[in-house]
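Everything below concerns the one structure shown next.
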Amino acid sequence: MAPRPARVLVLLAAFVCAACGLVYELELVALGNYLLGESVAQTSVVLSVMVFAMGVGSLLAKGLTRRPATSFALVEYALSLVGGLSALALYCGWAWLHQPRATLAALIAATVLIGLLIGAEIPLLMTLIQRIRQEHAGRAVADLFAADYVGALIGGLAFPFVLLPTVGQSAGALLTGAVNAVAGSVVVLWLFRSEPAPRTRLLLWTGCGLVLALLALAAACTGAIERAARHALYGGPIRFAAQSRYQEIVLAGGPDGPGEAGPRVPVQRAAPPLELFLDGRLAVCGPDEYRDHEALVRPALAAGPSGRVLVLGGDGLALREVLGHPAVREVLVVERDPELPALARRDAAYAALTGHAYDDPRVRLVRAEPMGWLRGSAERFDVIVSDLDGAAGDGAYRSLEFYGLAARRLAPQGRLAVRGGAPDGGLWTAAAGLEAVGLAAVAYQGGPPAGADCGHPGPPSAFLLAARAVPVLGLAPDAPAPRSLSVPALRAAERRLAADRPSPLPPPHTLLGP
């Protein structure tokens with residue numbers, strides 16, 4: 001091949017390898033956030049360790065430049081296996097071992113190994129380019145890094161917008177590994193096939209075939225492995241499991257019916273409780289979820305006008321409580337992940353738990369990120385119910401900015417109901433944020449903490465009801481009687497929490513603050 005097209009082919013290989021490398025990096029970041037939480041900490045650990053390991057890999061590659069083509073093929077084969085299998089291996093270890101420290105150590109080890117191999121690519125590709133045609137080092141470096149950075153851009157965009165929503169995390173990593181192996185083989189076994197001896201070339205062909213065969217076998221078994229891991233992790237039958245663009249959604253337990261493993265055989269014991277997990281964390285415990293959702297919604301709808309209601313969060317359970325009030329004429333639900341409302345319609349047991357809320361003609365669903373929607377909307381509401389996880393997005397939904405945007409959408413007598421967290425946790429920080437945006441907030445608690453019936457007991461949750469004037473806790477007399485609330489209990493909880501209220505309040509959480 002003439003030098004010019006040969007250089008283009010090597011630069012194309014650099015482009016593909018960079019795209020694959022960034023996909024591996026983003027896979028590890030997503031896994032760290034999902035498996036261990038603390039998204040900022042895990043992202044910082046993965047990125048910093050990855051960059052350090054890439055630097056070490058570049059130094060170690062000096063000893064491989066004598067036979068750059070053969071070394072490049074071996075590096076790509078190793079990177080294909082480690083990167084392609086990392087997501088599946090880490091997920092299975094997390095599901096079966098139940099050792100957070102071991103999971104963190106495995107994540108760091110995978111990050112180091114992948115970083116070493118990625119770091120070795122650039123020196124080897126640089127040597128191959130110079131073997132095709134000697135030229136000024138600056139020009140060669142400029143071409144190589146341009147291909148590398150553009151490839152990283154494509155990989156970074158492909159991961160959230162193509163791989164995750166179409167094939168999922170595990171299969172996406174395996175597919176990326178296969179592409180990585182093929183890119184390495186094209187460069188070495190065709191363009192630079194004269195470097196390896198015939199026997200070495202045969203071994204490299206065999207190695208490429210073995211790598212692709214192992215990745216294909218893992219891809220064929222991915223479904224069964226993930227089902228077994230989910231059963232070990234969540235217990236009971238898995239009714240639904242999906243990796244959306246935003247989170248992993250798993251619905252487990254509930255009455256007999258088709259799930260991941262098909263129809264279940266009749267059993268002689270009661271069905272396990274219906275549980276909804278988001279990114280591995282219990283979000284809904286079917287038998288007692290009403291305790292939290294009644295406490296969040298009922299007092300807000302009893303203190304004033306309730307014709308127009310905004311619900312932030314789309315699992316359908318807060319929506320069910322809102323629709324139980326006859327004064328409600330219109331409900332707007334804002335949810336960024338379309339899979340959650342779809343699940344509330346698709347699964348019979350979960351739809352029954354939500355009371356088929358999304359079939360009510362008063363409901364309008366908007367797919368949008370809640371903070372962005374609040375900022376861009378001009379609508380006003382009598383009641384805003386935030387059923388969002390305050391810890392999500394590094395606390396974005398308990399921040400001063402979030403409360404300020406929500407307060408702007410309230411009608412003159414409007415009320416805002418939010419989850420405050422545990423009384424010894426973020427409750428008073430949330431109260432400070434609400435008061436900082438001009439709302440008077442009342443803290444209270446509902447019934448016993450939800451989750452105990454599913455074997456996941458937690459501390460009692462507290463809630464905050466805020467308005468421009470101090471709201472009075474109560475229950476609407478024209479709504480169905482709640483199962484877990486009473487006016488005397490609500491006001492007793494309010495007095496108890498008011499006695500523990502710190503003075504002054506801690507500073508509110510902000511998007512740029514601690």
Exercise: do Ser170 and Glu226 side chains pair donor with acceptor under 3.5 Å:
yes

Work out which heavy atom in Ala300 is nearest to a heavy atom in Arg415; give both atom names and the distance.
O-NH2, 2.9 Å

Euclidean distance, Ser377 OG relative to Leu310 CG, rounded to 0.5 Å
8.0 Å

Euclidean distance, Ser399 OG relative to Leu405 CG, rounded to 0.5 Å:
8.0 Å

Salt-bridge present (Glu289, Arg320; N to O < 4.0 Å)
yes

Answer yes when Glu321 and Arg291 have at least one side-chain N-carboxylate O distance shorter than 4.0 Å, and no when they do not.
no

Establish, from distance only, whether the side-chain atoms of Asp337 and Ser244 form a donor-acceptor pair under 3.5 Å.
yes

For Ala295, does its backbone N or O pair with a side-chain atom of Tyr444 as donor and acceptor, under 3.5 Å?
yes

Close side-chain approach of Leu28 and Glu25, heavy atoms under 4.5 Å:
no

Closest heavy-atom contact between Gly286 and Leu353?
O-CD1, 3.8 Å

Among residues at least two apart in sequence or on other chains, which ones pass ring-ring contact (aromatic ring centres under 6.0 Å, His included) with Phe159?
none

For a 4.5 angstrom cut-off between non-hydrogen side-chain atoms, does Leu439 reach Arg468?
yes

Could you state the interatomic distance from CG (Leu374) to CZ (Phe402), rounded to the nearest 0.5 Å?
6.0 Å

Check whether any side-chain heavy atom of His231 lies under 4.5 Å from a side-chain heavy atom of Ile238, and answer yes or no.
yes

Answer with yes or no whether the side chains of Arg496 and Gln445 bring together a donor and an acceptor at under 3.5 Å.
yes

Do Leu276 and Leu343 have side-chain heavy atoms sitting under 4.5 Å apart?
yes

Decide, yes or no, whether a salt bridge links Asp382 with Arg308 under the criterion of side-chain N to carboxylate O below 4.0 Å.
no

Is the shortest distance from a Lys or Arg side-chain nitrogen in Arg367 or Glu339 to a carboxylate oxygen in the other one below 4.0 Å?
no

With heavy-atom distances below 4.5 Å as the criterion, would you say the side chains of Leu163 and Leu175 are in contact?
yes

Please examine the side chains of Val383 and Val385, heavy atoms only from C-beta on, and report whether any two atoms are closer than 4.5 Å.
yes

Search all heavy atoms of Gly156 against all heavy atoms of Leu26 and return the closest pair with its distance.
CA-CD1, 3.7 Å

Identify, with sequence neighbours excluded, every residue that meets ring-ring contact (aromatic ring centres under 6.0 Å, His included) alongside Tyr350.
none

Check this for me: does any side-chain nitrogen of one of Arg245 and Glu369 sit under 4.0 Å from a carboxylate oxygen of the other?
no

Distance-only, no hydrogens or angles: does the Arg329 side chain make a donor-acceptor pair with backbone N or O of Arg362 under 3.5 Å?
no

Within 45 degrees of the axis of the six-membered ring of Phe381 and under 6.0 Å from its centre: does Arg409 put its NZ or CZ there?
no

Sub-4.5 Å side-chain heavy-atom contact between Val472 and Glu494
no

